[in-house]
2 protein chains.
Amino acid sequence: MGKARVQGRHAGLTRGHVLEAAVRLADRDGVASLSMRKLAAELGVEAMTLYHHVRNKQGLEDAIVEHVLAESLRPPRAGASWQEVVAAHADELHRGLNRHPGAVILFATRPAVTPATLVVLESLLRVLRDAGFAPRTALHLIYAVASAVVGQHLAADGAAATPPDAVLIAADGLPVVAAALADGPVTVESRIEVTVTALIAGFETILARDENRPRGMDPPARGTGLE
Amino acid sequence: MGKARVQGRHAGLTRGHVLEAAVRLADRDGVASLSMRKLAAELGVEAMTLYHHVRNKQGLEDAIVEHVLAESLRPPRAGASWQEVVAAHADELHRGLNRHPGAVILFATRPAVTPATLVVLESLLRVLRDAGFAPRTALHLIYAVASAVVGQHLAADGAAATPPDAVLIAADGLPVVAAALADGPVTVESRIEVTVTALIAGFETILARDENRPRGMDPPARGTGLE
DNA sequence: CTTGCATCACTTACGACGTAAGACTATCAT
DNA sequence: ATGATAGTCTTACGTCGTAAGTGATGCAAG
């Protein structure tokens, strides 16, 4: 009786609000500490309410990935060389992850093959094909760049979690490691820049090699020792 | 009062047993579904008992990473070229992750700078330095390869989680994507092989470039567009 | 206007999780 | 015999995702 309950009054919550708050909380505290209850509290609502706007927690995480990618990736600039296009793509991805550090781990887990990202992929592949790459090789190139960027972010985040002193102490008696760490910390930016530069240069030589061997011939014959 | 309790009878549990069981469960069901309680049950023991052999769950995960790395990485073969050494290192890492698929995600999270891995790193860096690489560049090379291998495994696992049909359907109207996916699935092996090949080729050109510019000069001047 | 219904919100509840605190017991050095 | 130590179990707390059910709101059809 008494107890004027106001339950159920529509709060005007939309999927957009939920997602925005989710990204904000993930950025602030990391996605690991993001829970349906905390997110609901942030929105002034009960936990179960969120399930009207999101299938479940995994759906929420997928949506975060999609959101970050959508706001980060742009179609390749017309008239740019394939090297510039690939470098720009890596840069966009890197900036997106930098803008949402707490969400990086999601990119390692969720595949992120949504229509929107596939469209971007298509345009990237088209540039590469026009430059002479076989479609399969072009796909490998994009995969390599994306994995490298995400991987470097993950590794850098993990490294940031351990105090650098501990590493330096552990590196005692290991002169080359010490020398490599001597001049300043290794930043994500430098890691990504070097990696992407190397990948582009590497695929330049792969492209040159493949163009000199026009039609269906044998694989690279003992390239890396991987099988 | 009655109730012949048999609690506390030493079960002869060791850290090695705990770790071995943890790796086994992680391999079977994935590390995400590994809990202290399940692990304890697997060992015929109560959950809290594990805390006498492991600091906490994170410590357990770190130990899993360490264990996999220790059983996978080998010191570089004497007399091999730096390219062979790097390729072999990538291959060892890849095989290790292949052997323990459920634990891959841990390699994205935990930094894995233990004394043992640092020793391996030192020997790798020594080979690269002897080949003419600056220590910092050598470190970037190893980081790039490790991140690429882990990143490709993660991406491949994520991709395996989504049914390939869905991707093919989504790729409808995207001719280049479709063409790239046309001849068979993209395996982890091929992704890693191509990436590592490209990285090695790329660092070959970086090495050649740096050797022609011996002492401290400007950075590559608009290399990738990353800053 | 009334009636019905889909939508949004809330409540309660369940089983799982990591782990702090403490009690018990077996083993071994003194 | 006497402690000390280390391995084990019990209980408990707070958190998590979410299934199931209840109630209120606002809109559309009669």
Side-chain angles (χ1 to χ4, degrees), chain A residues 1-23 25-26 28-65 102-103 105-106 109-110 161, chain B residues 1-23 25-26 28-65 102-103 105-106 109-110 161:
Chain A
M1 329 269 161
K3 211 55 180 348
R5 307 237 245 91
V6 214
Q7 88 162 13
R9 186 77 112 291
H10 282 201
L13 200 59
T14 71
R15 186 167 213 267
H17 296 148
V18 173
L19 270 174
E20 187 214 354
V23 171
L25 283 194
R28 166 141 48 85
D29 306 325
V31 78
S33 93
L34 174 66
S35 75
M36 300 301 270
R37 288 178 225 256
K38 286 184 196 164
L39 176 55
E42 173 84 7
L43 292 161
V45 116
E46 294 302 313
M48 293 310 291
T49 297
L50 300 177
Y51 287 83
H52 279 233
H53 303 94
V54 149
R55 179 189 301 277
N56 52 27
K57 201 189 182 193
Q58 188 167 236
L60 178 68
E61 294 175 343
D62 287 352
I64 292 176
V65 171
I105 183 64
L106 295 182
T109 311
R110 316 301 313 154
Chain B
M1 10 205 96
K3 212 59 180 353
R5 308 237 243 92
V6 213
Q7 88 163 13
R9 185 79 112 286
H10 282 199
L13 201 59
T14 70
R15 187 169 211 266
H17 295 149
V18 173
L19 269 173
E20 186 216 355
V23 171
L25 284 194
R28 166 141 48 86
D29 306 325
V31 78
S33 93
L34 174 65
S35 74
M36 300 300 271
R37 288 179 224 257
K38 286 185 197 162
L39 176 54
E42 173 85 6
L43 291 161
V45 117
E46 294 302 314
M48 293 309 290
T49 298
L50 301 177
Y51 286 82
H52 278 251
H53 303 95
V54 148
R55 179 188 301 276
N56 51 29
K57 198 185 183 195
Q58 187 166 209
L60 177 69
E61 293 175 345
D62 287 352
I64 292 177
V65 170
I105 183 64
L106 295 182
T109 310
R110 315 302 311 154

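Every chain is numbered from 1 and lettered A, B, ... according to where its sequence line falls, protein lines coming before strand lines.
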| field | A:Arg37 side chain, from C-beta outward: closest of C:dC17, D:dG17, C:dT11 | value | D:dG17
| said: Can you list, in residue-number order, the parts of residues 16-23 of chain A that come under 4.0 Å of DNA chain D, counting heavy atoms only? | reply: none
| task | Kindly give the heavy-atom pair with the smallest separation between B:Thr109 and A:Ile105, and that separation in Å. | result | OG1-CD1, 4.0 Å
| query | Whole-Å distance between D:dG7 C1' and B:Arg15 CZ? | reply | 16 Å
| query | Are OP1 or OP2 of C:dC17 and a side-chain N or O of B:Lys38 less than 4.0 angstrom apart? | reply | yes
| Near DNA chain D, under 4.0 Å by heavy atom, which residues of residues 48-60 of chain B? | B:Met48, B:Thr49, B:His52, B:His53
| message | Quick check on DNA chain D: between A:Met36 and B:Thr14, whose nearest nucleotide comes earlier from the 5' end? | response | B:Thr14
| task | Give, for atom CZ of B:Arg28 and atom CG of B:Leu25, the distance between the pair rounded to the nearest 0.5 Å. | result | 5.5 Å
| request: In whole angstrom, give the distance that lies between atom CG of A:Leu43 and atom C1' of C:dC8. | output: 14 Å
| Value in whole Å for how far the C1' atom of C:dA20 lies from CD of B:Glu46 | 16 Å
| Of the non-hydrogen atoms in B:Ala63 and B:Arg15, which two are nearest, and what is the gap between them? | CB-NH2, 4.2 Å
| query | Where is the tightest heavy-atom contact between A:Lys57 and A:Leu34, given as atom of each residue plus distance? | reply | NZ-O, 2.7 Å
Anything under 3.5 Å between a donor and an acceptor, one on a side chain of residues 47-54 of chain B, the other on a protein residue two or more places apart or in another chain? List them.
| unit_1 | atom_1 | unit_2 | atom_2 | d |
| --- | --- | --- | --- | --- |
| B:Thr49 | OG1 | B:Glu46 | O | 3.3 |
| B:His53 | NE2 | B:Leu13 | O | 3.1 |

| message | Testing the basics here: between A:Ala22 and A:Leu39, what is the closest heavy-atom pair and its distance to 0.1 Å? | response | N-CD1, 3.6 Å
| field | Distance-minimising heavy-atom pair for A:Glu42 and A:Ala21 | value | CG-CB, 4.3 Å
| note | Shortest non-hydrogen pair, A:Ile64 vs A:Ala103, comes out as CG2-CB, 4.2 Å
| query | Between B:Ser35 and C:dA16, is there a side-chain N or O to OP1/OP2 distance below 4.0 Å? | reply | no
| Over how many whole Å does the gap from A:Leu34 atom CG to D:dT18 atom P extend? | 12 Å
| Of the candidate nucleotides D:dT10, C:dT19, D:dT8, which contains the atom at the shortest distance from the side chain of B:Ala47? | C:dT19
